[in-house]
Amino acid sequence: MIEPLDNRAPTRVFLPWIGFWMAIFALGAYCTVLCLSQGLFHTNMNNRFGFGIWIFLDLTVIALGAGAFFSAFLLYILKKQALKDVIGAAVVLGFICYSGAVVVLAIDVGQPLRAWFTFWHPNAHSMLAEVTFCLTLYLLVLAIEYVPLILKNPSLSKNVSLLVFEGQLHKVVVVFAGVGAILSFFHQGSLGGLYGVMNGRPFAFREHFFIWPSTFFLFILSAIAAGPSFLILINKLASKISKKQLVRKEAYDFLGRISGWLLLAYVGLKSVDTIVWINHTAPASGYSASEFFKEASFGTWILFAEIILFGLLPALVLINNRLRKNPLVMIVAPLLVCIGIAINRYVMTLQSQSLPTLPFEEFVLYTPSLVEIGVFGGMLSYGVIVFSLSYRYLPLFPGLQQKAKT
Amino acid sequence: MLPGMYEFHFELGHLIFLGGFMTIGAVIGATLLITLFRSTRIVTVPGGATAIEKESTAGVLHHVGHTLLRPLAGGTLKISLDDLGTRLLGRPDRMRLPKIGQRITEGADAVKLWRKQSAATIVAPVSGTVVETGGHDDKWYLRVLPDATPVEGENLMGAAKVRSWLTSEIDKLQAILSSEDLGLAMADGGEPLPDLPSAVPDADWQKIYSEMF
Amino acid sequence: MGFSVKRRDFLGLVGGGAIGAALSPAPWKGLDDIAIWTQNWSWKPRLPRGPVEVAFTHCGLCPAGCGLKVRSVGGNPVSIHGVPGHPSSTGFVCALGLAGRYFSYHPSRIVEPTIVGTSGQRRGISRKAAVRQLGDWLDKARSGGGHGSVAILDNHPGRVRSLAYRGWLATLDGVHIKGLREDTPINRLRTMLDGPAPELGLDIARARTVLSFGAPVLEGLGSGGAGAHLRGRSDTEKPYIVQIETRPSRTARGADLWLRIAPGTETVLALGLANILVSEGLYDKEIIAQQALDLDGPGGYRELVARFSPKQVSRITGIDAATIKKVARRFASGPAVVIPGVDPGGGPLSAEAQTAAFSLSLLNGDVGRPGGVVARRAIPQEGQLADTVELADVPDGSIRLLIVDGAAGGCAMPTSLLKRKLNPSEGRVVSLSPFERSALHGADLVIPSTTPFENIDEAGVPIDAPVDSMGLTVPSMRAPDYSVDSLSVLSMVAKSSVVPTITELLRGRSDRIHAGGRGSVFDPSKGESVPLTEFQTNGDLWRALMGGGLWTDTSAAFTCPPFRLMGANAAIRDRLPQALEQPSTADRQAREIVLMPFGWRDAPGDGPLPPVMAKLFRETRLRLDSRFATICPKTAGELGFAQGDKASIKTSLGSITVEVVLDPAVVDGVVHVAVGPSTEAFGDASPGKGDQPLDLPSCKNDDCWRVIPAKMLEVVS
Amino acid sequence: MTKTTPKKRYGMVIDIDRCDGCGACMVACSLENNVSVVPAGAAPHRGLTWIRVYSVTNKKEYPDSDTAYLPVSCQHCGNETPCVGVCPQSAVDVDPKNGIVSQIPERCMGCRYCMVACPYHARYFNWWDPEWPEGTEHLLNPGVTPRMRGVVEKCNFCHGRHHAAQERAASEGRSEIEPNEYQTACAEACPNGAITFGDLADKNSEVAKLAAGPESFQLLKSLGTEPKIYYLTQRGWVRDMATRTPLISKGQSHD
């Protein structure tokens with residue numbers, strides 16, 4: 001029997017919490033069964049909206065989950081010891097984000113039983129094939145990185161074989177950190193490439209460098225900028241809920257600083273990209289940028305929100321050493337960063353489909369159905385449940401453990 | 001995907017794409033396999049079973065730092081290493097004991113022992129005043145007047161708990177020894193090995209001492 | 001040395017074999033093929049299997065009677081193609097024709113006789129009981145009323161089946177009511193001729209000008225392919241098409257000239273054109289001098305049209321005077337065809353508008369001249385037949401038993417009009433339609449008949465055919481057991497006379513044609529025609545017709561008899577000058593608009609729509625069904641509506657809820673709503689009572705419900 | 001000596017000025033290719049239509065008001081075909097022998113990336129199990145397999161007919177099919193003769209001549225996808241709206 005760590009959430013608090021999320025999870029599972037057994041007509045997607053809320057969600061979640069690979073890269077390869085406090089949580093978060101995304105993708109495709117065809121008949125030119133390969137392999141890597149954490153549960157660590165295995169895994173973690181970094185790098189990029197390569201969709205299409213469109217690089221940069229911010233948010237949230245100081249201030253500070261600088265770089269490049277797109281790429285395809293933003297639902301305000309309000313602003317805040325000391329700022333700014341990245345993924349996914357390419361097609365809006373939201377809720381609750389269980393049973397926060405021992 | 005399929009033809013893209021992913025997959029797989037293989041080579045602590053057998057003396061308290069507390073007349077306690085602790089250190093090359101009259105605090109460093117460039121720090125099992133020190137070679141001890149009686153604490157245990165605790169301690173030691181590439185697998189002959197550092201000289205003893213004490 | 005297989009050798013063999021097989025393409029190929037089983041169907045359609053057959057027939061969905069080549073697999077018609085070289089359809093099939101075979105499996109098909117019980121609920125009964133019930137009502141109707149108390153509404157008048165109806169009705173002192181069809185107005189022209197008139201047809205192909213009052217000239221009026229011929233732009237010989245219509249229909253868009261006329265002012269325009277023909281002396285003076293009976297004198301035609309000056313006409317119709325003059329001059333420049341159109345949903349023009357329109361043909365000397373109105377030679381008929389009338393001419397409350405024929409197509413009629421003709425206390429409606437029809441929500445008894453591809457019948461003679469013809473709709477599908485031919489129903493009920501079977505009737509007509517010895521027969525399998533004289537026996541002709549052949553008559557010279565430009569009917573003649581008293585649309589009151597129901601040419605007026613068409617029309621919005629109201633942005637703005645708003649259209653008889661669609665080409669002050677099947681509900685004709693614009697009309701005259709005063713109100717959701 | 005078979009480039013020319021929006025092409029296509037009927041009451045953009053007729057008005061008032069009907073199917077792009085590169089599992093294919101862009105439904109997993117990538121909105125997804133009103137499955141075309149739920153489908157120039165024509169030719173010992181042996185259902189059904197189908201590579205064919213004519217244009221030519229469906233019109237506003245001209249030249253580098 002696996003027992004919780006003795007200084008974690010007591011059962012009378014934990015059970016109702018988990019029960020609540022389990023109920024939402026059950027609802028999501030029901031919606032999933034509907035989609036899988038009867039078809040995707042339960043969603044509100046249509047022939048103009050082949051990608052709906054799920055793809056948007058997947059992209060966002062994977063971008064936010066980038067904290068996992070980036071932290072591992074910084075800690076194990078660049079030896080940034082400040083991240084030791086958060087690496088456990090980062091790995092679990094990454095695992096949740098990626099496994100959730102893969103499951104939602106499987107619900108999203110019309111014939112999930114054929115998903116393996118991507119490995120069977122891969123189209124080397126397809127960004128989605130690249131995504132699938134990277135995602136699958138990286139999920140494997142994340143699972144491998146998650147195993148040692150599980151084995152650190154005191155009940156499990158009584159078993160010599162598991163203990164030995166954990167020790168051996170720990171020794172090779174640097175290999176997985178490296179491989180994970182490569183894989184993540186490529187699939188964050190190829191997720192961006194999904195849009196940038198669409199030569200038939202002037203709203204999404206971007207200039208190419210070698211074989212990669214600019215969105216390839218922008219997605220990588222935005223993901224590694226948002227990942228640390230998301231880590232801050234989740235750790236702070238976990239601290240708030242558990243009423244324990246889980247992570248040292250230095251770790252937050254380091255994450256905030258790195259998020260800020262990367263975001264600043266991203267905003268700069270994104271601005272350049274946008275200017276090139278408006279003045280060169282789109283007009284060369286016969287579309288003026290003003291057409292893209294003429295509908296109120298996707299007006300220029302969304303461009304402003306994405307780049308300035310939820311981009312430049314939090315970046316400037318986070319690179320300021322004095323402002324980072326303020327605990328409120330360290331919640332608001334990372335939140336803005338995460339929203340900004342979500343807006344970017346939303347725009348790329350939904351605005352590019354709302355806008356017709358054919359001049360006589362109509363502008364179409366899309367709202368997700370209850371079933372789609374249900375599956376979304378299911379994935380969210382899955383994340384909360386896995387994180388809560390990890391928190392309760394596994395030494396996610398080495399800092400917390402030390403404190404208990406002394 | 002493969003030759004023989006309908007209208008298949010290899011392109012450079014296929015080679016780069018598949019080659020890249022297969023390489024990465026191979027790295028992940030190979031690393032995992034090596035790790036699994038290594039994990040199967042479990043090193044048994046020589047004489048571990050005997051060490052457990054010997055530690056069941058009634059009336060003696062064990063501390064998690066591998067020290068024993070024997071009540072002496074006059075309310076004083078004799079502190080010494082337990083059997084496993086003794087085996088771990090074998091015959092120390094050098095030792096530093098607290099001075100008589102010095103105060104020691106439960107959980108704080110009390111004794112430091114050296115063996116082959118590795119140092120072991122022994123924490124005090126109880127708070128009190130040292131009234132006597134003694135011994136030589138591997139047979140050192142402290143006599144302490146505890147601050148409070150009866151002596152109790154969450155890190156102290158009686159005979160009832162000792163067996164299971166000691167088993168896990170030996171497992172822990174096994175795991176540490178196993179996870180190192182010692183290139184040997186020792187059978188547990190059941191014979192007491194009084195000096196582990198001599199038996200397993202290649203192990204990282206500094207690490208073992210910091211983990212065990 | 002003996003050969004022995006050791007365990008080790010055996011394992012080696014198996015292992016080696018396994019490795020070898022794994023390296024071969026076989027497992028990859030195998031795995032690739034099982035992919036097909038990984039698909040998750042819950043329901044897998046089974047494709048028809050069996051012997052392939054090709055047969056020829058004619059389409060029974062509308063009077064055009066296009067030639068069809070039907071490919072069947074295992075007895076199921078799996079595809080329909082046109083017959084190249086066919087004398088009237090020339091290889092064309094419309095969208096409805098392509099999909100019409102799906103009617104047989106239409107979800108709204110009635111699969112058993114049903115009766116409305118005392119509680120108002122519809123319940124199924126046996127056919128025997130249904131026939132007995134029909135017999136009872138027949139006896140009651142005959143005993144309770146006089147002439148016309150029994151009537152048959154014939155959706156496809158002019159077939160031999162219609163003759164059988166009339167023969168049966170003659171024994172009951174009943175009346176035969178002609179259902180509305182696109183060729184109905186031509187009968188108006190016949191009444192304007194003094195004395196017995198032959199069957200008439202329009203020679204559109206050779207006309208110089210086509211003056212269409214809202215007829216779907218380019219959308220499939222008349223013989224198949226006629227529209228395409230007219231549309232062909234490289235053809236310099238094609239007639240100049242003037243479309244007079246309120247609605248931006250496909251014909252209006254494609255016409256050479258579209259006159260966007262104010263609603264209900266067609267009479268004024270026709271008489272305005274006549275005014276110019278008369279005042280400028282453009283009419284055929286020779287014929288008018290010899291044959292016109294009412295040109296001059298007090299109350300004569302000349303006096304009438306003199307009042308319709310271009311200025312007056314322009315004010316009322318909204319068409320500028322110069323254009324009216326231009327059209328009149330073009331019209332007079334050669335043979336012209338005037339078509340007072342019947343809209344499948346909006347119904348016919350008023351009687352006076354039809355009269356005024358045809359007076360132009362008479363003025364122009366087009367009756368009896370090639371490129372105008374031509375006469376068809378008749379095949380002699382025998383036996384005593386009941387009168388045939390139009391529904392408008394039936395006295396209110398006179399019908400005690402109305403039997404509605406189940407033919408496809410036709411045009412929709414207002415529910416209120418049909419109801420009014422029934423005896424208020426005892427009037428009963430028996431429908432022989434295979435479907436629920438919107439106008440027949442309240443049919444007391446339904447005995448479902450066959451659908452067009454299941455029964456043998458006579459294909460129509462299109463309105464633009466200059467000669468008579470006979471083609472058969474040879475069944476290409478087996479009729480289900482629950483369906484029954486309408487004549488069989490009558491013979492089951494008949495007590496005093498024997499009703500012939502449809503085959504006997506058709507064979508009889510075929511034999512009479514053979515006896516006449518005129519014309520030629522088209523062989524669809526060869527694509528050529530041979531003279532009828534080459535058919536030795538009447539059996540040979542019958543076999544040719546059953547094989548999808550088409551007999552066509554020879555044309556005959558026709559001299560126009562004396563005629564009355566204002567018609568013989570005094571009531572109509574009196575109504576003509578009143579057209580001037582109409583207010584112009586500019587005088588429209590605030591929030592007062594007119595509702596103009598209309599029907600799509602290819603979505604049968606009150607019948608269902610094949611599901612595939614319903615789907616395509618809904619997806620593409622090429623045809624907006626009765627859930628949508630088209631209105632011009634200006635009027636919408638005044639009433640406070642924007643694109644996509646929900647609105648309620650109210651008349652004195654009720655209201656419907658619609659979605660507003662803006663179209664700047666629509667006339668100010670008019671709201672157009674389509675009549676017909678819903679594209680939402682698998683093309684069902686009557687998803688629910690009270691949601692069709694034809695449930696709304698309330699008109700002065702029975703013969704026209706095109707323009708309905710209405711109010712358009714916001715729907716508060 | 002082996003006879004080399006010349007490459008074909010099947011394509012279509014649609015005369016917009018002849019199209020009156022009757023929809024016969026859509027009906028013929030749906031029936032020929034067993035395109036399923038979606039359940040009653042399905043939301044817009046959920047139905048399947050391999051060829052879709054758009055009704056486009058010039059938004060002017062009478063008498064300047066004009067409407068054009070544009071039948072749009074898969075445009076069988078000849079250059080940088082947007083849907084081919086994106087499919088992760090090679091379920092979209094351009095046949096090198098004839099330029100037909102085809103969709104392999106048995107291989108498609110239904111990720112719908114190709115639909116998102118298609119600028120002509122000409123790809124359709126089976127949101128439901130393929131459905132026909134009860135009994136009408138007896139009327140399906142036995143030469144074409146209906147697609148299953150959860151896959152994408154689109155115009156393939158009546159692959160069933162192409163296949164049948166090839167088999168017929170092969171059974172008669174010919175390696176080539178004659179132009180009059182292969183015709184798409186929409187071209188055959190159009191009552192106005194607005195659709196001409198044939199081999200664009202054959203310079204003497206009717207379709208190649210029309211496509212090369214001065215009135216021809218391609219939808220969204222500015223994207224550079226080189227569609228093999230050409231349109232004809234004499235109406236300037238239709239052409240201007242449907243072609244789109246690049247606002248700046250493509251070769252010019254901005255940065």
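Not measured: the values here are computed from a predicted model. The basis for the numbers below is simple: all heavy atoms, side chains too, and nothing from hydrogens, waters or symmetry mates. Chain letters run A, B, ... following the sequence lines, proteins first, then strands; residues in each count from 1.
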(request) Sort A:V272 into side chain, backbone, both or neither according to what part of it lies under 4.5 angstrom from a heavy atom of chain D. (result) neither
(request) For D:Q89 and A:T118, indicate whether the former's side chain and the latter's backbone hold a donor-acceptor pair under 3.5 Å. (result) yes
(request) Apply side chain to side chain contact (heavy atoms under 4.5 Å, CB included) to A:F360 and D:L219, showing your working. (result) CA-CA 11 Å; A:F360 38 83; D:L219 288 185; 4.2 Å; yes
(request) Check whether A:L194 gets within reach of chain D through its side chain, its backbone, both or neither, counting any heavy atom under 4.5 Å. (result) both
(request) For chain A, find which of D:A43, D:C108, D:A91 contributes the most heavy-atom pairs closer than 4.5 angstrom. (result) D:C108
(message) Whether the side chain of A:E130 engages the backbone of D:P88 through a donor-acceptor N/O pair (distance < 3.5 Å, no angle test) should be reported.
(response) no
(message) Do D:M115 and A:Q353 make a side-chain contact, defined as non-hydrogen atoms from C-beta onward lying under 4.5 Å apart?
(response) no
(request) Would you name the heavy atoms of D:Y113 and A:S126 that are closest together and state the gap between them? (result) CE2-OG, 4.4 Å
(request) Flag the one option from A:A129, A:P283, A:A115 with the top tally of heavy-atom pairs under 4.5 Å to chain D. (result) A:P283
(message) Is D:V92 in contact with chain A via its backbone, its side chain, both, or neither, using a 4.5 Å heavy-atom distance?
(response) neither
(message) Do D:R107 and A:W120 make a side-chain contact, defined as non-hydrogen atoms from C-beta onward lying under 4.5 Å apart?
(response) no
(message) Using a 3.5 Å distance criterion without hydrogens, assess whether the side chain of A:N47 forms a donor-acceptor pair with backbone atoms of D:R123.
(response) no
(message) A side-chain contact here means heavy atoms from C-beta on lying under 4.5 Å apart; do A:W116 and D:M109 qualify?
(response) no
(request) Provide the closest heavy-atom pair for D:A242 versus A:P359 in the form atom of the first, atom of the second, distance. (result) CA-CG, 4.1 Å
(request) Taking atom types as modelled, find out whether D:W127 and A:N46 have a side-chain donor-acceptor pair closer than 3.5 angstrom. (result) no
(message) For a quick test of reading the model, state the closest non-hydrogen atom pair linking A:G200 to D:L223 and the distance between them.
(response) O-CD1, 3.8 Å
(message) Are more than 12 heavy atoms, taken from residues, nucleotides or ligands other than A:Y30, located less than 6.0 Å from that residue's OH atom?
(response) no
(message) Given heavy-atom pairs under 4.5 angstrom as the criterion, report whether the side chain, backbone, both or neither of D:V56 touches chain A.
(response) side chain
(message) Minimum heavy-atom separation for A:H121 and D:S90, please, with both atom names.
(response) O-OG, 3.0 Å
(request) Determine the sole option in A:L128, A:L105, A:I55 for which the side-chain contact (heavy atoms from CB on, under 4.5 Å) test with D:C111 is passed. (result) A:L128
(request) Using a cut-off of under 4.5 Å on heavy-atom pairs, state which of A:V197, A:N123, A:T43 scores highest against chain D. (result) A:N123
(message) Taking CZ in A:F185 as the centre, count heavy atoms belonging to other residues, nucleotides or ligands within less than 6.0 Å. Is the count above 12?
(response) no
(request) Verify the neighbour count for atom CG of A:L370: are there more than 12 heavy atoms of other residues, nucleotides or ligands below 6.0 Å? (result) no
(message) Whether D:R244 engages the ring of A:Y287 as a cation-pi pair (distance to the six-membered ring centre under 6.0 angstrom, angle to the ring normal within 45°) should be assessed.
(response) yes
(request) Applying side-chain contact (heavy atoms from CB on, under 4.5 Å), name anything that partners D:L31, two or more places apart in sequence or on another chain. (result) C:L98, C:A99, C:R101, C:Y102, C:V612, D:V27
(request) Kindly check if the number of other-residue, nucleotide or ligand heavy atoms within 6.0 Å of OH (A:Y346) is above 12? (result) no
(request) Given side chain to side chain contact (heavy atoms under 4.5 Å, CB included), test D:H45 with A:F49 step by step and report yes or no. (result) CA-CA 9 Å; D:H45 295 289; A:F49 277 97; over 6 Å; no
(request) Verify, without hydrogens or angle tests, whether D:S222 (side chain) and A:S285 (backbone) share a donor-acceptor contact under 3.5 angstrom. (result) yes
(request) Quick one: pull up CD in A:E362 and OH in D:Y54 and give me the separation to the nearest 0.5 Å. (result) 8.5 Å
(message) Working to the nearest 0.5 angstrom, can you tell me the gap between D:Q75 CD and A:L358 CG?
(response) 7.5 Å
(message) Is A:T281 in contact with chain D via its backbone, its side chain, both, or neither, using a 4.5 Å heavy-atom distance?
(response) neither
(message) Looking at A:M45, is its backbone amide N or carbonyl O close enough to the side chain of D:R46 to form a donor-acceptor pair, meaning the two atoms are under 3.5 Å apart?
(response) yes
(request) Could you pull out the closest heavy-atom pair between A:N199 and D:E80, with the gap in Å? (result) ND2-O, 2.8 Å
(message) Is A:F205 close to chain D through its backbone or its side chain, or both, or neither, when contacts mean heavy atoms under 4.5 Å?
(response) neither
(request) Taking all heavy atoms of D:P119 and all of A:T357, pick out the closest pair and write down the distance. (result) O-CB, 3.2 Å
(request) Side-chain contact test, heavy atoms from C-beta onward, threshold under 4.5 Å: evaluate it for D:V38 versus A:F41 and give yes or no. (result) no
(request) Answer yes or no: is there a donor N or O on one side and an acceptor on the other, between the side chain of A:R114 and the main chain of D:E106, under 3.5 Å? (result) yes
(message) Can you tell me which portion of D:P39 sits under 4.5 Å from chain A's heavy atoms? Options are side chain, backbone, both or neither.
(response) neither
(request) Please tell me if the side chains of D:R112 and A:D108 come closer than 4.5 Å, counting only heavy atoms from C-beta onward. (result) yes
(message) Please determine whether the number of non-hydrogen atoms from other residues, nucleotides or ligands lying under 6.0 Å from atom CD of D:E61 exceeds 12.
(response) no
